[in-house]
Each structure stands twice: as structure tokens, then as C-alpha cells.
Amino acid sequence: MRVLTIGVMAAALLTAACGRGNPDPTPETASQTLPTPSVATDRPDSPTLVAVKRRGRLNCGVHQGLVGFAYTDNRGQWRGFDADFCRAMAAAIFGDGNAVRFVPLSASDRFAALKEGRVDVLWRNSSWTMSRDAGEGFVFAGINYYDGQGFLVRRSLSLASATELNGARICVQAGSTAQANADDFFRSRGIAYRPVVLPSEEAARDAYGREDCDALSADISALAAARTVLADSQAHTILSDVVSKEPLGPVVRAGDERWADVVRWTLNAVVLAEEFGVTQENAETLSKTSNDPRIKRLLGSEGEYGALLGLSDDWAKDAILSVGNYGQIFDRNLGSQSPLDLARGLNAQWNARPAGLIYGLPIR
């Protein structure tokens, strides 16, 4: 018993002594700043990023002319949803959203241009499919727009569904997924139809306008854009049938994972900015005043996350200052502030009401 008592007293004295040596210990709490992740020095530099920085501009592949996504205005300036993502990348790399050269590409030559190095990245409403991702030497770095294929028809036909297009002539664009999707839709239902395959989106739209076909089939966003330039836009309607899933996103060459990271995280940065309430107007202020660690990491005022990409700590803030957050990009080009006036739908944030599929990956 005496031995036990002495042991207990000794332990108590030792504890008290430790307490006097550190009278105000700081407990571990969730609010403490987490350590910045170390940069993997053994990872090779991105040859694409090195070439882009040496050149002093980003070569960005875009559509030849699709209202809402990529087109030139009356002053010859590139506008649109995809064009803004090109500018966001240029700003992330150079701090200047204008350090970009837009390279207009058709559906049939877009992937060849990327493979041959004529462009550094493809922001051209391209659908992420297995054959492109696993079989053709490309990497999709994310999804910036969820779309689906539909049908544009004349109201005078009084059609309620695409299943009523038995024997109809369907205009589709060559070199896209539209022809295969339309064929899948009609064949699976035993419906006869006549495909009218045109070399470009513009040619398919013009053929439909001349009534060389009874319906135009393409991504619904492209149909909405096509309708705005027809002689009488109100004389045409998009049927309710959605016959495919078309996840559209940026594409890079396989084999340069660090470059894919630059593209992927630039996209995620503008998506996260909308979720956190960071806008083109308040990003600079929030980078100095926000106490939200998620915003601090996003805007470069905490941690050194830009180094993981080979960029400055302000990379995401510069992208947001250049073009705004995802919602601002959408509204300006495709949504309520644009001639297309498309609803967010599947392209709403994951926590919106109603919820969509847009979901930013965490920066931490």
C-alpha cells in the first residue's frame, strides 16, 4: 500500500510540474490552420505549361461559331461560355485573361488539332465518351456543362414527341455524336427515318432552315442557339425528348497529367467560387477580409496551393477576377442575361433548390 501511495503522489507531482511549465496549453481545435501540403518535387514539370509560359499565351480550341458558347461579336471579339473558360485559364496562368489565342475548330478537325499540338486545350462543347477518353489518347479534365441531344421541329407539324417522326428526314452534323445518338433512338424504337448528314453545325442548321429536312437533331443547347438565328425563331420548338446524355468539358492530350490538373482545377475554382459566394466584384476584397478558410484557400490568402499546379498563389483569384464565378459565366452567356435564356437545370449547383449536378472539388 505504501509503495502504491508513493507512486500515485509522484505521478501527481509530475503532472503538476508539467502544468507549471506550460500554464496555457493550446488545445487542438478544428479552427487551427492546417499545414500546407508539400509540393511533390519529384513530379516532372508539365511540358505543355512550360511551352505556354514560354510562348506567352494560351492556344485555346473553340467552336467556329455557336451562339452562347463561342462566337465573335460585331467587333470581332470572342464571346461565349467556352470562350470565358479559355480566359479563366489564361488569367490563372498569366494573371491576364486576354493572354489567349482563340483557334476556331470544326467538329471533324478539333481532336486532330489537339493531338498535333495546334491547341493546348479544347474548350469546344465536346462530349466525354469512352472511346474518346480510353481509345483516342485524350483526357477529359472535367465537365463544365451537362447537356442532352434533342430535336428542333417546326411548330406547324404539331408534334408532341420525337417518336412521331416516322419516316422523317433528320439533319445531323458529321463528326459529332449526333448521328449515332439519333440512330440509336430510332432503331431502338423500330422507327424508320432518313439521316441527312451535313459537314458542319452551320450547314445542318441552314439545311433545316431551307426545309431540306423535317427536324434538326443536336445538343439541346446547340438547338437553342440555332433557333435564335432562324428567320422566325417562334415558328420552331424543341421537343421534350432528350435522347442522350452529353457531358461536355475540356479536353487535353494524354500523357501530361500536370497540365490536366491546371485545366481541372481552374474549372473547379470558378465552380467553388459560386458555391462560396465569391464573385468577380468581391473576390479582391474577400481575399483580404474573409475568415472562411475555404475562401482563403481558394483566393490564395492561406496556403500555397498554386505551387501544386506550377502557378502563383493568386491563380484562382485571377481567374475569378477575369470572368467571374460559374454562375456569372452561365448567366451572361447562356442564362437569363443572354438571348438563349436557358434554365440552369442540371447545371445548377449541387446544393441549389432544385439541385443540379455542378459540384466543385475541395481545395485542401
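- The ring-ring contact (aromatic ring centres under 6.0 Å, His included) with Trp123 is formed by just one residue from the set Phe81, Trp78, Phe85; it is Phe85.
- The two residues Ser322 and Ala91 make their nearest non-hydrogen contact at CB-CB, 3.6 Å.
- We find that Arg264 and Asp261 are joined by a salt bridge, their nearest charged nitrogen and carboxylate oxygen being less than 4.0 Å apart.
- In summary, the side chains of Asp109 and Ser106 do present a donor paired with an acceptor at a separation below 3.5 Å, with no hydrogens or angles considered.
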Take Ser233 and Thr228, measure what side-chain contact (heavy atoms from CB on, under 4.5 Å) needs, and give me the verdict at the end. CA-CA 6 Å; Ser233 61; Thr228 65; 5.8 Å; no
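- Scanning both residues, Gly95 and Asp318, for their nearest heavy atoms gives CA-OD2, 3.7 Å.
- Atom-to-atom distance recorded for Leu66:CG and Ser221:OG is 6.5 Å, nearest 0.5 angstrom.
- Here Asn59 contributes atom CG and Leu122 contributes atom CG; the two are 12.5 Å apart, rounded to the nearest 0.5 Å.
- For the 3.5 Å distance criterion, the side chains of Gln149 and Asp219 fail to qualify, holding no donor opposite an acceptor.
- Between Ser46 and Asp256, the side chains place a donor N or O and an acceptor N or O closer than 3.5 Å (distance only, hydrogens not considered).
- Taking the ring centroids of Phe69 and Phe330, they lie at or beyond the 6.0 Å cut-off.
- No hydrogens or angles considered: nothing links the side chains of Asn325 and Thr279 as a donor-acceptor pair under 3.5 Å.
- With hydrogens and angles left out, the side-chain atoms of Gln173 and Glu202 include no donor and acceptor closer than 3.5 Å.
- Remark: the Ser338 side chain and the Asn333 side chain contain no N/O donor-acceptor pair separated by less than 3.5 Å.
- Here CD1 of Ile358 is found 11.5 Å from CG of Asn351. Values are rounded to the nearest 0.5 Å.
- In this structure, Leu58 is a member of the same hydrophobic cluster as Val119, with clusters built from ILVMFWY side-chain heavy atoms closer than 4.5 Å.
- Aromatic ring centres of Tyr193 and Phe185: separated by at least 6.0 Å.
- Here the CG atom belonging to Leu286 is positioned 9.5 Å from the OG atom belonging to Ser301, to the nearest 0.5 angstrom.
- At a threshold of 4.5 Å between side-chain heavy atoms, the hydrophobic network of Ile, Leu, Val, Met, Phe, Trp and Tyr places Ile191 and Leu216 in two separate groups.
- Clustering ILVMFWY residues whenever any of their side-chain heavy atoms sit less than 4.5 angstrom apart, transitively, puts Leu49 in the very cluster that holds Val139.
- Relative to the ring axis of Phe140, Arg132 does not place its NZ or CZ within 45° and under 6.0 Å from the centre.
- Partner Tyr359 forms a ring-ring contact (aromatic ring centres under 6.0 Å, His included) with one of Tyr146, Tyr326, Trp350 and no other, that one being Trp350.
- Shown here for Leu340 and Ala224, the closest heavy-atom pair between the two residues is CD2-O, 3.6 Å.
- Under 3.5 Å, the side chains of Glu246 and Ser127 contain a donor-acceptor pair of N or O atoms.
- Contact between Ser240 and Ala160 at its shortest, heavy atoms only, is OG-O, 4.1 Å.
- Here the closest heavy-atom approach between residue Pro247 and residue Ile143 is recorded as CB-CD1, 3.6 Å.
- Atom SG of Cys213 sits about 8.0 Å away from atom OH of Tyr208, to the nearest 0.5 Å.
- At least one donor-acceptor pair closer than 3.5 Å links the side chain of Arg155 to the backbone N or O of Gln234.
- Atom-to-atom distance recorded for Ile363:CD1 and Leu361:CG is 9.0 Å, nearest 0.5 angstrom.
- For the residue pair Gln64/Ser200, the side-chain donor-acceptor check at 3.5 Å is not satisfied.
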